[in-house]
Enquirer: 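Before anything else, here's the structure in question.
Order of listing sets the numbers, starting from 1, for every ligand and every atom in it. In this chain, numbering begins with 1 at the start of the sequence shown.
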Amino acid sequence: MKTISLKDIQNTEKNVDGGNWVSRRLIVKDDNMGYSVHDTVIKAGTETHIWYQNHLESVYCIEGEGEVETLKDNKVWPIEKDTLYALDANDEHYLRAKTDMRMVCVFNPPIKGTEVHDENGVYPVAED
Ligand code: 9YT
């Protein structure tokens, strides 16, 4: 087994500033777990368009509050501390942070760890 601390990630390429968010990639593709795990802070007052067409993602909010709006139905989902949302249909959405939101994100398949969103809010599939 192994342990990974945020301290191990800071000042590495696995500490990624996406503009509206900072994501610390704790477990990535090369860890061979079949998923990736990120500790992500969404910055207060931001709105981010996201559409993970290549990944399923669960997002557990452990601090802060905001909302998700799914684009197919314009439904608004309030998100607060201790709430998980699951993008189980590759849902295109807006993520809006009222305060800083600290999120634990799990991706299937795993990402390589250095990705930022492209212009469509997508991450590519990590190739071998
Ligand atoms: C919660 C969310 O989707 N934030 C965008 C960043 C992404 N989840 C990541 O790479 O941690």
Enquirer: Would you call Arg102 and Asp39 a salt bridge, using N to O less than 4.0 angstrom?
Expert: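 Salt bridge between Arg102 and Asp39, a charged N being under 4.0 Å from a carboxylate O: yes.
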Enquirer: Would you call Lys75 and Glu69 a salt bridge, using N to O less than 4.0 angstrom?
Expert: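 No, this pair does not count.
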Enquirer: Hey, is Lys81 close enough to Glu63 for a salt bridge, meaning N to O under 4.0 Å?
Expert: no
Enquirer: Could you tell me if Thr70 and Asp91 have a donor-acceptor pair between their side chains, going purely by distance under 3.5 Å?
Expert: no
Enquirer: Taking 4.0 angstrom as the limit, do Asp8 and Lys14 come out as a salt bridge?
Expert: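 Salt bridge flag = no for Lys14 with Asp8.
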Enquirer: With hydrogens left out, which residues have an atom under 4.0 Å from ligand 1, given that only heavy atoms count?
Expert: Trp21, Ser23, Arg25, His38, Thr40, Ile42, Ile50, Tyr52, Glu57, Val59, Tyr85, Leu95, Cys105, Phe107, His117, Tyr123
Enquirer: Do the side chain of Asp100 and the main chain of Ala44 share a donor and acceptor less than 3.5 angstrom apart?
Expert: yes
